[in-house]
Protein chains: 2
Amino acid sequence: MMTRQTAEGAARAAGRPRSEKAEKSIIEATLELIGEGVAVSELSIEGIAARAGVGKTTIYRRWSNKEDLVVDALTTLKPPIPPLRGDSVRDDLVAYLSVMRDEARHTHTRCIMNIAMSDSERHPRLAARFDELAIQPRRAVMMEVLRRGIERGELRPDLDVEMAMAILSGAMLWYTKWSHRATALPDDLAERIVDEALRGFRPR
Amino acid sequence: MMTRQTAEGAARAAGRPRSEKAEKSIIEATLELIGEGVAVSELSIEGIAARAGVGKTTIYRRWSNKEDLVVDALTTLKPPIPPLRGDSVRDDLVAYLSVMRDEARHTHTRCIMNIAMSDSERHPRLAARFDELAIQPRRAVMMEVLRRGIERGELRPDLDVEMAMAILSGAMLWYTKWSHRATALPDDLAERIVDEALRGFRPR
DNA sequence: GCATTATGAAACGCGACGGTTGCGTATCGA
DNA sequence: TCGATACGCAACCGTCGCGTTTCATAATGC
């Protein structure tokens with residue numbers, strides 16, 4: 001799964017070892033640029049090298065192309081915080097959507113989202129990695145919350161969990177995507193979405 | 001609102017008039033390229049000219065920069081078909097979401113969506129134009145459908161129309177955006193979304 | 001010390017593209 | 001017929017990024 005070019009395992013490294021600091025700088029610079037809204041196609045190795053204070057050579061020695069570098073950079077992104085479990089489905093869902101909402105506020109996250117969404121046609125490997133790192137874990141958390149709600153009887157037993165997730169996350173996605181032109185997001189957006197959605201999710 | 005450089009209104013055009021065909025070709029080529037997944041930043045005047053069978057000069061004579069051209073190109077996109085009004089809220093909503101779904105199938109529309117979503121940070125004028133042309137009209141149609149539903153008593157009188165729209169469109173957006181990696185969209189997706197959402201929207 | 005490898009800096013040739021200009025031709029009004 | 005304007009085409013120069021190479025220097029093992 002390693003996309004880098006190191007042959008770590010073999011002989012016991014003769015000369016000067018590779019600078020771990022340089023590596024960090026490169027990846028950090030890449031993420032910074034992406035965070036500032038630079039699209040993958042606009043990313044330049046030269047730009048990254050300059051920002052990282054590193055020679056181009058140092059980059060080419062480790063990654064053979066831009067996409068490999070971006071993939072590795074994305075890999076270092078930790079799924080920040082899946083919300084801890086509360087006592088009710090409502091609380092958990094509100095917490096979860098609040099995180100989504102807060103992430104959408106920050107340009108950094110928004111740009112990364114953009115890359116994931118728009119470059120998916122062009123860079124399938126990138127999209128796959130992002131899916132694996134960012135989408136799936138959150139998906140899993142939310143599915144678990146919903147499933148627990150069904151077990152506890154807070155939600156209809158016949159509720160389509162996938163659909164419920166689409167409705168909840170989709171509504172938040174809709175707000176964060178389309179309305180930041182017009183009005184700012186209301187503070188209680190997460191609560192309002194959850195309360196409206198739960199109307200149909202609860203047992204009759 | 002005209003971004004082009006023509007001075008149409010003034011004197012009565014002396015020499016050879018501008019070819020309407022060339023203009024069409026240029027805009028068509030631009031839309032084609034966008035439809036094929038080329039991002040705005042990757043679009044080249046040269047590429048457009050080549051595709052349109054036109055000299056670069058002919059393009060520069062009309063638009064002073066790339067963004068102006070793209071804006072004009074987007075302008076020619078007609079909001080394809082807002083669904084005609086049926087007899088019930090459910091039918092209208094299903095028809096509406098079905099259109100959304102079918103559009104998402106076609107690469108063309110998907111790429112245009114991508115541009116609208118991802119380049120909005122970088123090209124505000126573009127995003128604004130797209131919003132005006134594609135988003136707002138559909139938004140209006142859907143709001144009207146929901147409002148009519150409330151009047152007819154099919155929906156709760158206290159239903160938040162904006163929220164309802166976010167839930168319905170958001171759910172479809174979610175499916176079309178994230179699941180085309182895994183499974184294909186089910187045929188009755190629109191019906192299922194509407195039926196699930198309406199559970200909470202109807203009067204008790 | 002010495003061989004080995006990595007480092008940042010600079011320069012290279014190369015191709016893509018931007019934006020301009022000139023050319024010969026086509027199409028209009030007068 | 002003549003001037004004006006548009007056309008497609010090709011050539012041009014300047015810029016930028018790529019991917020490579022060279023260079024002096026720094027860090028490691030023997």
Side-chain angles (χ1 to χ4, degrees), chain A residues 3-30 33-34 36 38-73 119 122-123, chain B residues 3-30 33-34 36-73 122-123:
Chain A
T3 41
R4 300 214 314 276
Q5 297 172 314
T6 20
E8 198 71 38
R12 204 45 261 123
R16 171 176 177 175
R18 291 195 178 167
S19 159
E20 194 59 41
K21 209 185 79 187
E23 189 140 338
K24 274 249 200 295
S25 308
I26 295 169
I27 288 191
E28 201 169 316
T30 307
L33 287 170
I34 291 177
E36 289 169 14
V38 181
V40 174
S41 55
E42 294 169 330
L43 273 182
S44 74
I45 301 286
E46 299 207 341
I48 295 173
R51 163 82 60 129
V54 150
K56 281 198 292 178
T57 339
T58 309
I59 295 184
Y60 280 114
R61 197 174 288 117
R62 295 160 203 261
W63 297 276
S64 53
N65 62 62
K66 195 164 51 181
E67 189 167 323
D68 280 354
L69 169 55
V70 175
V71 168
D72 267 17
D119 289 343
R122 238 152 184 26
H123 304 283
Chain B
T3 41
R4 298 213 317 275
Q5 295 172 316
T6 20
E8 198 71 39
R12 202 52 252 124
R16 173 176 174 176
R18 290 192 179 168
S19 159
E20 193 59 41
K21 208 183 83 188
E23 189 140 338
K24 273 248 198 300
S25 308
I26 296 169
I27 287 190
E28 202 168 314
T30 307
L33 287 170
I34 291 178
E36 288 169 15
V38 180
V40 175
S41 55
E42 294 169 330
L43 275 182
S44 74
I45 300 286
E46 297 205 343
I48 295 173
R51 164 83 60 127
V54 150
K56 281 199 290 179
T57 342
T58 307
I59 295 185
Y60 281 112
R61 196 173 289 120
R62 295 160 202 261
W63 297 275
S64 54
N65 63 62
K66 196 163 50 179
E67 188 168 322
D68 280 354
L69 169 56
V70 176
V71 168
D72 267 16
R122 241 152 181 23
H123 305 281

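Keep in mind that the numbers below use all heavy atoms, side chains included, and drop hydrogens, waters and symmetry copies. Numbered from 1 within each chain, the chains take letters A, B, ... in sequence-line order.
In this structure, the CG atom of B:Leu69 is 14 Å from the C1' atom of C:dG18, given to the nearest Å. Residue A:Tyr60 contributes atom OH, which lies 15 Å from atom C1' of C:dA11 at whole-angstrom precision. For the pair A:Asp68 CG and D:dC18 P, the interatomic distance rounds to 14 Å; values are reported in whole Å. Rounded to whole Å, atom P of C:dA9 lies 12 Å from atom CD1 of A:Ile59. If you measure from atom CZ of A:Arg16 to atom P of D:dC30, you get 18 Å, rounded to the nearest angstrom. Atom-to-atom, CD of B:Glu20 to P of C:dT27 comes out at 16 Å; the value is rounded to the nearest Å. Following rounding to the nearest Å, B:Glu42 (CD) and D:dC16 (P) show an atom-to-atom distance of 19 Å. In this entry the distance linking CG of A:Asn65 with P of D:dT20 reads 11 Å, nearest Å.
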Let's go through B:Asn65 and B:Ile45 carefully: what are the C-alpha distance in whole Å and the side-chain angles of both, what is the deciding distance for side chain to side chain contact (heavy atoms under 4.5 Å, CB included) to 0.1 Å, and is it a yes or a no? CA-CA 9 Å; B:Asn65 63 62; B:Ile45 300 286; over 6 Å; no
Any chance you could lay out the side chain to side chain contact (heavy atoms under 4.5 Å, CB included) test for B:Glu36 and B:Leu33, step after step, and finish with the verdict? CA-CA 5 Å; B:Glu36 288 169 15; B:Leu33 287 170; 4.1 Å; yes
Which is it for A:Lys56 and A:Glu46 under the salt bridge (Lys or Arg N to Asp or Glu O under 4.0 Å) test, yes or no, and what are the steps along the way? CA-CA 6 Å; A:Lys56 281 198 292 178; A:Glu46 299 207 341; 2.9 Å; yes
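Checking D:dC18, C:dG8, D:dG8 against every side-chain atom of B:Ala22, the shortest atom distance belongs to D:dG8. Distances from the side chain of B:Pro17 to the nucleotides C:dA6, D:dA6, C:dT27 place C:dT27 closest.
Take the nearest nucleotide of DNA chain D for A:Thr57 and for A:Glu46: the residue whose nucleotide is more 5' is A:Glu46.
OP1 and OP2 of C:dA6 both lie 4.0 Å or more from every side-chain N or O belonging to A:Ser19. One finds no side-chain N or O of A:Arg18 lying less than 4.0 angstrom from the OP1 or OP2 phosphate oxygen of C:dT5.
B:Lys56 contributes no side-chain N or O that forms a donor-acceptor pair with the base of D:dG8 under 3.5 Å.
Residue B:Lys66 comes nearest to B:Val40 through the heavy atom pair NZ-O, 3.4 Å, listed as atom of the first residue, atom of the second, then distance.
The side-chain hydrogen bond (donor to acceptor under 3.5 Å, both in side chains) test with A:Trp63 is passed by exactly one of A:Asp72, A:Thr30, A:Asp68: A:Asp72.
Using a 4.0 Å heavy-atom cutoff across all strands shown, A:Leu43 reaches sugar-phosphate atoms only and no base atom.
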